[in-house]
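Below is one structure, written out as structure tokens; the observations come after it.
Side-chain atoms are counted along with the backbone in the values below, which use heavy atoms only and exclude waters and symmetry mates. Each chain gets a letter, A, B and so on, in the order the sequences are listed, and its residues count up from 1.
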Amino acid sequence: MAKELTSRAADYSQWYNDLILKGQLADYTAVRGCMVIKPYGYALWENMRDVLDKMFKDTGHVNAYFPLFVPKSLFEAEEKNAEGFAKECAIVTHYRLKNDPSKPGKLMVDPEAKLEEELIVRPTSEAIIWNTYKGWIQSYRDLPLLINQWANVVRWEMRTRLFLRTAEFLWQEGHTAHATKEEAIIETKKMLEVYADFAENWMAMPVIKGVKTASERFAGADDTYCIEALMQDGKALQAGTSHFLGQNFAKAFDVKFSDKENKLEYVWATSWGVSTRLIGGLVMAHSDDDGLILPPKIAPLQVVIVPIFKSDEELGMITNKVNEIMPELKELGIRVKFDNSDAARPGWKFAQYELQGVPIRLAIGVRDLGNNVIEVARRDTKTKTSVTLDGISFYVKALLEEIQLHMFNRAKQYRDEHITPANNWEEFVDILDNKTGFVSAHWDGTAETEEKIKELTKATIRCIPLNNEQENGKCILTGNPSKERVLFARAY
RNA sequence: CGGGAGGUAGUUCAGCCCGGUAGAAUACUUGGUUUGGGACCAAGGGGUCGCAGGUUCGAAUCCUGUCCUCCCGACCA
């Protein structure tokens, strides 16, 4: 079974690629580093997007859309932000092609059509948005501004990987403006909670909420909060970030407001985002050697019904019964498909839907009709049971919930078992090399030490967990005093 | 961007070293038998050999350039 898939043990990277490609989530294109998200993968993204969008709106945000291009002069206004992204920008320099006189039928860039000012294809939108906000904000009555946009961005990464790091990707970016520092910090933390809620309760992917060290911070932020997830190969994945931007962008773009005392103040800012990278995390958090395992709440298809028949007459009998069940399932809001195609035999369908991670498979043949039962197969545990057809829709509904919970608990158990304290350097390195996962260790708080540890072990500080327990100790590398442990890991 | 590997039928690949009518498996189409874990038989269709130059009587094969992918590294909100 699953004979064409590479196993995780044999080659984890290849297994990951196999699942994306053969599970039909995405495919390569002729464009370097850019993928096409196929209908099945896009359906997954749509489900994720819809849930997040509702969460944003429930927390008072509205959607808008800003330009893809950022004039270079605006892009460079916030210096740290510009510096952070400068090395991975796509730049528009011309606006016209013309026939190439030396190569008939071919086109060339028209040198006459050079732009006065280059346009940067947005790697993130703070610059264009804050330049726009300048015109929208005059008074404290204009605040807060709570805006989100669903968009694509481009980052010219040297090395790309499907979903995890592509040159162009889809995401949402929230950009809010506030009258006070306190309010902006509350917003930053609120959105981190939204992300954690989404990751854990919808994607069934446990995350650690924390704050980044100064060197891992978003370029232009005063603080970067993050959710960190753990993949099955023991590597960490930054799954979402929420930034407290202070007044950095307000100052760079001169965005001031009059407060109640008619004093001019700079606006306080936040930005926060999650991307299609979440899909990569979803794949690596849950799936197995037989294919994808998708959490029911966001799976494009939650239930597939596969008929087992030897003749049209038998298929007719089965179809009659399925026609009773389908409306009941749909009535309960379940995304269900009846695969009565005769192009593939049952065994092939079983394997295909397992590869694509459909949470529940129902198989029904005439034998089952006689016994008034149906075979229920769970993707997460690969167990099969024969269940009475009476009230089957409620059984399926409950089972979907159970699968969702089981997937989360299983991932959480793995994650929890892979947060390991290290009290000396030998332990630290041993855990990273052999056990993998997060290592909880003391750090002296300096960027130099952080960098040195990264050089020596390739592990980075993923975050300083929120509500971190305070505990006096000694830095794992330097032995200097430390007040708390931080989480290290090798990461994607 | 450095090192390594690769790109030939929808897919996985052989052929390349040593230039001479483009192959296999699988998938697809049709017919038949089948159908409770990736069925079988028969017939059939499908290719600018990544792209662009060059060498040659002749290039999938040799040479040069270029694009895309994978792995390792550097980089990485």
Does any nucleotide pair with [N] by Watson-Crick or G-U wobble geometry, both distances under 3.5 Å, and what is it?
{"N": "B/C49", "value": "none"}
{"N": "B/C62", "value": "B/G54"}
{"N": "B/A43", "value": "B/U29"}
{"N": "B/U69", "value": "B/A5"}
{"N": "B/A74", "value": "none"}
{"N": "B/U35", "value": "none"}
{"N": "B/U21", "value": "none"}

Any salt bridge linking [X] with [Y]? Criterion: basic side-chain nitrogen under 4.0 Å from a carboxylate oxygen.
{"X": "A/Lys321", "Y": "A/Glu324", "value": "yes"}
{"X": "A/Glu183", "Y": "A/Lys190", "value": "no"}
{"X": "A/Asp197", "Y": "A/Lys209", "value": "no"}
{"X": "A/Arg8", "Y": "A/Asp18", "value": "no"}

Using whole Å, report how far [atom1] of [X] lies from [atom2] of [N].
{"X": "A/Gln24", "N": "B/U11", "atom1": "CD", "atom2": "P", "answer": "13 Å"}
{"X": "A/Lys382", "N": "B/G38", "atom1": "NZ", "atom2": "C1'", "answer": "12 Å"}
{"X": "A/Asp339", "N": "B/G38", "atom1": "CG", "atom2": "C1'", "answer": "14 Å"}
{"X": "A/Ile308", "N": "B/U34", "atom1": "CD1", "atom2": "P", "answer": "17 Å"}
{"X": "A/Phe350", "N": "B/U35", "atom1": "CZ", "atom2": "P", "answer": "14 Å"}
{"X": "A/Leu5", "N": "B/U12", "atom1": "CG", "atom2": "C1'", "answer": "13 Å"}
{"X": "A/Asp27", "N": "B/G7", "atom1": "CG", "atom2": "P", "answer": "18 Å"}
{"X": "A/Glu314", "N": "B/U35", "atom1": "CD", "atom2": "P", "answer": "9 Å"}

Same-atom distance ([atom1]) from [N] to [M], integer angstrom:
{"N": "B/G54", "M": "B/G45", "atom1": "P", "result": "36 Å"}
{"N": "B/A24", "M": "B/G15", "atom1": "C1'", "result": "11 Å"}
{"N": "B/A14", "M": "B/C51", "atom1": "C1'", "result": "23 Å"}
{"N": "B/A27", "M": "B/C13", "atom1": "C1'", "result": "14 Å"}
{"N": "B/G7", "M": "B/U61", "atom1": "C1'", "result": "15 Å"}
{"N": "B/C17", "M": "B/U34", "atom1": "C1'", "result": "47 Å"}
{"N": "B/G53", "M": "B/C41", "atom1": "C1'", "result": "49 Å"}
{"N": "B/U29", "M": "B/C67", "atom1": "C1'", "result": "34 Å"}

Is any N or O donor-acceptor pair between the side chain of A/Lys384 and the base of B/G37 shorter than 3.5 Å? yes

Of A/Gly33 and A/Phe218, the one whose closest nucleotide on RNA chain B sits nearer the 5' end is A/Gly33

Between A/Ala491 and A/Asp342, whichever has its closest RNA chain B nucleotide further toward 5' is A/Asp342

Taking B/U69, B/G36, B/G37 as options, the one with an atom nearest any side-chain atom of A/Asp368 is B/G36

Among the nucleotides B/U35, B/C76, B/C68, whichever has the atom closest to the side chain of A/Arg32 is B/C68

With sequence neighbours left out, the residues meeting side chain to side chain donor-acceptor pair (under 3.5 Å) with A/Asp222 are A/Asn248

Under a 4.0 Å heavy-atom criterion, the protein footprint on nucleotides 70-75 of chain B, written with B, S and -, is SSBBBB

Report which part of the nucleic acid [X] touches: base, sugar-phosphate, or nothing (heavy-atom distance under 4.0 Å, all strands).
{"X": "A/Val153", "result": "nothing"}
{"X": "A/Ser275", "result": "base"}
{"X": "A/Phe169", "result": "base"}
{"X": "A/Ala219", "result": "sugar-phosphate"}
{"X": "A/Gly84", "result": "nothing"}

Please tell me whether A/Glu126 and A/Thr124 have a donor and an acceptor in their side chains that are separated by less than 3.5 angstrom. yes

Without hydrogens or angle criteria, can the side chains of A/Arg217 and A/Ser215 be said to hold a donor-acceptor pair below 3.5 Å?
no

Please produce a list of atom pairs where a protein N or O lies less than 3.5 Å from an N or O of nucleotides 39-46 of chain B.
residue, atom, partner, partner atom, Å
B/A39, OP2, A/Arg345, NH1, 2.2
B/A39, O4', A/Arg345, NH1, 3.2

Face-on cation placement of A/Lys235 at A/Tyr492 ring, 6.0 Å and 45° thresholds: yes

A/Phe163/A/Trp45 aromatic ring centres below 6.0 Å: no

ring-ring contact (aromatic ring centres under 6.0 Å, His included) test vs A/Trp272 passes for just one of A/Phe244, A/Phe56, A/Phe198, namely A/Phe56

Minimal heavy-atom distance between A/His94 and A/Asp110, with the atoms involved, is CD2-O, 3.3 Å

Parallel, tilted or perpendicular: rings of A/Phe249 and A/Phe253 (30°, 60°):
parallel

